[in-house]
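Heavy-atom basis, side chains included; hydrogens, waters and symmetry copies ignored.
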Amino acid sequence: RESGDALLTLINDILDFSKMSAGKLVLEETDFDLGQELESAVELMVGQVRKKGLELTLAIDPDVPRLLCGDPGRLRQVLINLLGNAIKFTEHGEIGVAVSKLSDNPHQATLRFEVHDTGIGIDPQRQAQLFQPFTQVDASTTRRYGGTGLGLSIARELVAAMGGNIALVSAPGAGSTFWFTVKLRKQPDQAKAAVSRPASLAGTSILIVDDNASSRQILELQVSGWGMQPAVASSAEEALQILRTRSFAAALLDVMMPEMDGIELARRIKTDPAHAHTAVILVSSVGSRAEFADRLAGIEIGAWLMKPVPESLLYDCVVKLAAPKPVLRAIKPHPPDAESASPAILWPGAKPKILLAEDNPINQKVARLQLKKLGIEPDLAGDGREAVEAVSRQHYDIILMDCQMPVMDGYEATREIRRREGSGRRLKIVAMTAHAMPGDREKCLDAGMDGYISKPVTQQALQQALLEVLSAPQAASAPAEQRP
């Protein structure tokens with residue numbers, strides 16, 4: 001897998017470099033949620049960060065507009081490149097992503113993105129060359145660090161295409177901060193960003209305990225933005241001193257702290273009659289709840305989250321555990337390590353009934369295992385004709401439809417299902433296809449499909465697609481040829 005990923009990175013870099021050299025780079029213009037895109041980019045790098053035992057943080061200033069229009073894929077590409085370099089050259093300490101607003105007007109915003117690390121740093125004499133093609137910090141024949149030397153050059157071109165600049169501040173042994181700016185159009189209705197948070201947390205008290213100053217500051221800023229009343233502590237001992245004077249509805253505890261860690265602190269909180277009611281949320285950067293099962297035995301833990309905790313997931317956990325009135329809502333995708341993402345609360349209602357239309361046995365097995373992690377056991381169809389027949393016999397909420405199948409392909413099967421539906425209830429159909437070229441998504445939508453996932457399908461992409469189609473408003477079916 002690692003070798004395949006390295007080869008894919010190399011090929012993608014060469015293709016991007018070739019496009020730019022030929023003047024063929026084209027940016028998309030699509031609506032996106034900045035918070036979701038940033039969480040997605042950071043999530044892709046979490047495995048590498050945890051393997052090296054580093055701390056990873058994500059901070060978005062409260063005044064940064066979330067609903068924007070631009071090319072989220074290229075923005076994510078720049079961030080992933082900078083994060084990859086930060087991880088590569090950092091052995092101890094932390095890596096952080098921060099986003100702030102430089103200026104805006106009713107139609108456009110100029111944002112600043114920073115990726116900082118506590119790594120080896122870069123000599124000033126080499127900094128000016130870094131954004132040139134095929135240039136690397138360690139270019140010797142015995143170099144420790146891989147790469148093509150194209151990543152920063154590509155990032156510079158992408159940032160320039162988005163109306164911004166890119167630069168760095170660094171010194172040997174003192175880490176590096178890469179920053180870039182971009183100009184993005186605002187979506188008309190920025191108020192939509194807060195609509196999905198109906199529960200009121202105003203006045204709810206929460207204790208935040210983390211020895212990492214950046215993590216404390218970010219968490220305090222987030223919960224304060226929800227109207228909560230936070231108290232912060234940099235150690236378990238400091239937290240116990242605070243607990244002697246007041247109580248809290250919830251406690252957010254870092255697992256890995258010196259002297260007394262979060263698990264021992266959680267035990268003391270839950271065994272103290274004065275604080276037994278406090279909902280405890282443990283936050284880990286090193287491992288899942290299962291890896292600490294022995295030490296957690298007998299402790300009532302509300303949730304176990306993995307760093308960096310997506311803001312939306314943290315909100316859902318606090319609402320579930322500490323809000324005055326319980327509110328049920330769909331939780332956004334997160335690795336299986338997060339207990340709060342258990343199948344029981346992934347879906348806003350009953351678990352969806354799913355038909356998997358796929359002819360390849362290996363792809364069937366992978367998709368079934370991914371769905372089982374989401375608490376769903378799908379029915380199977382080996383080709384498009386079987387899918388059409390299955391729909392005529394059984395009600396389904398969603399069909400995961402492979403596009404290339406024998407007998408009847410996914411496009412034809414979708415058109416036939418839509419024809420039979422007439423003006424009745426519209427079945428949700430999500431394409432799963434190995435085709436990811438420009439125009440393939442439109443081809444799926446023209447056939448009458450509601451969503452699109454490119455193969456190989458990741459767990460996160462599958463869950464995101466299911467949640468999106470389930471949350472979309474139900475509409476009556478229309479003949480395929482009448483659809484745009």
Under 4.5 Å between any side-chain heavy atoms of Val430 and Asp450, yes or no?
no
Backbone N/O of Lys353 and side chain of Asp397: donor-acceptor pair under 3.5 Å:
yes
Can you check side-chain hydrogen bond (donor to acceptor under 3.5 Å, both in side chains) on Gln77 and Arg74, steps first, answer last?
CA-CA 5 Å; Gln77 181 179 350; Arg74 291 301 189 178; 2.6 Å; yes
Does a side-chain heavy-atom distance below 4.5 Å link Glu377 with Leu371?
no
CD/Gln241: more than 12 non-hydrogen atoms of other groups inside 6.0 Å:
yes
If you count the non-hydrogen atoms of other residues, nucleotides and ligands that lie under 6.0 Å from CD in Gln394, is the total more than 12?
yes
Does some side-chain heavy atom of Val49 sit less than 4.5 Å from a side-chain heavy atom of Val46?
no
Test item: Arg185 side-chain N/O and Cys69 main-chain N/O as donor-acceptor pair under 3.5 Å
no
Between Tyr315 and Trp226, does the ring centroid distance fall short of 6.0 Å?
yes
Check whether any side-chain N or O of Gln459 sits under 3.5 Å from a backbone N or O of Gln370 as a donor-acceptor pair, and report yes or no.
yes
Could you check whether any side-chain heavy atom of Leu207 comes within less than 4.5 Å of a side-chain heavy atom of Val232, counting everything from C-beta outward?
no
Side chains of Asn212 and Asp254: closer than 4.5 Å at any heavy-atom pair?
no
Between Ser214 and Glu94, is a side-chain hydrogen bond (donor to acceptor under 3.5 Å, both in side chains) present by the stated rule, with each step listed?
CA-CA 9 Å; Ser214 298; Glu94 67 179 64; 2.9 Å; yes
Step by step, would you call Ser215 with Glu55 a side-chain hydrogen bond (donor to acceptor under 3.5 Å, both in side chains)?
CA-CA 9 Å; Ser215 293; Glu55 189 95 1; 3.0 Å; yes
Using the side chain to side chain contact (heavy atoms under 4.5 Å, CB included) definition, which of the options Phe178, Phe180, Trp179 pairs with Leu168?
Phe178
When you compare the side chain of Leu240 with that of Leu243, does any pair of heavy atoms fall below 4.5 Å?
yes
Under the salt bridge (charged side-chain N to carboxylate O under 4.0 Å, His left out) criterion, do Glu358 and Arg368 qualify, and how do the steps go?
CA-CA 11 Å; Glu358 168 66 66; Arg368 284 189 66 183; over 6 Å; no
Are more than 12 heavy atoms, taken from residues, nucleotides or ligands other than His92, located less than 6.0 Å from that residue's NE2 atom?
no
Would you check if the side chain of Ser205 reaches a backbone N or O of Gln229 as a donor-acceptor pair within less than 3.5 Å?
no
Around atom NZ of Lys101, are there more than 12 heavy atoms of other residues, nucleotides or ligands at under 6.0 Å?
yes
How close do Phe113 and Val182 get, counting heavy atoms only, and between which atoms?
CE1-CG2, 3.5 Å
So, does Lys52 use its side chain to make a donor-acceptor pair with the main chain of Thr90 at under 3.5 Å?
yes
Between Gly70 and Phe32, the two heavy atoms sitting closest are N-CE2, 3.6 Å
Close side-chain approach of Glu114 to Arg112, heavy-atom, < 4.5 Å
yes
Counting heavy atoms not belonging to His277, are there more than 12 under 6.0 Å from its NE2?
yes
Step through the shown structure and confirm whether more than 12 heavy atoms of other residues, nucleotides or ligands are within 6.0 Å of CD1 on Ile362.
no
What is the minimum heavy-atom distance between Leu427 and Ile398, and which atoms define it?
CD1-N, 4.0 Å
Please step through salt bridge (charged side-chain N to carboxylate O under 4.0 Å, His left out) for the pair Arg289 and Glu291, ending with a clear verdict.
CA-CA 5 Å; Arg289 181 171 185 165; Glu291 296 175 53; over 6 Å; no
Measure across Pro72 and Glu37 and return the closest heavy-atom pair with its distance rounded to 0.1 Å.
CB-CD, 3.6 Å
Does the side chain of Asp211 reach to within under 4.5 Å of the side chain of Ser234, using non-hydrogen atoms?
no
Evaluate the criterion side-chain hydrogen bond (donor to acceptor under 3.5 Å, both in side chains) for residue pair Asp446 and Tyr411; output intermediate values, then yes/no.
CA-CA 9 Å; Asp446 288 344; Tyr411 305 112; over 6 Å; no
Any donor-acceptor N/O pair, Thr181 side chain to Asn165 backbone, under 3.5 Å
yes
Nearest-0.5 Å distance, CG of residue Leu38 to CZ of residue Arg76
10.0 Å
Taking it one step at a time, do Glu264 and Arg268 satisfy salt bridge (charged side-chain N to carboxylate O under 4.0 Å, His left out)?
CA-CA 6 Å; Glu264 179 58 30; Arg268 296 199 182 189; 3.5 Å; yes
So, the side chain of Lys455 versus the backbone of Asn363: is there a donor-acceptor pair under 3.5 Å, distance only?
no
CD1 on Ile263 to CZ on Arg295, rounded to 0.5 Å
4.5 Å
With distance as the sole test, does Glu39 use its side chain to make a donor-acceptor pair with the main-chain N or O of Glu311 at under 3.5 Å?
yes
Where the side chain of Lys270 meets the backbone of Thr278, is there a donor-acceptor pair that is under 3.5 Å apart?
yes
Which heavy-atom pair separates Glu300 from Val280 by the least distance, and what is that distance?
O-CB, 4.4 Å
Look at the side chain of Lys307 and the backbone N and O of Leu56, then say whether any donor-acceptor pair between them is shorter than 3.5 Å.
no
Testing the basics here: between Pro106 and Lys186, what is the closest heavy-atom pair and its distance to 0.1 Å?
O-CD, 3.9 Å
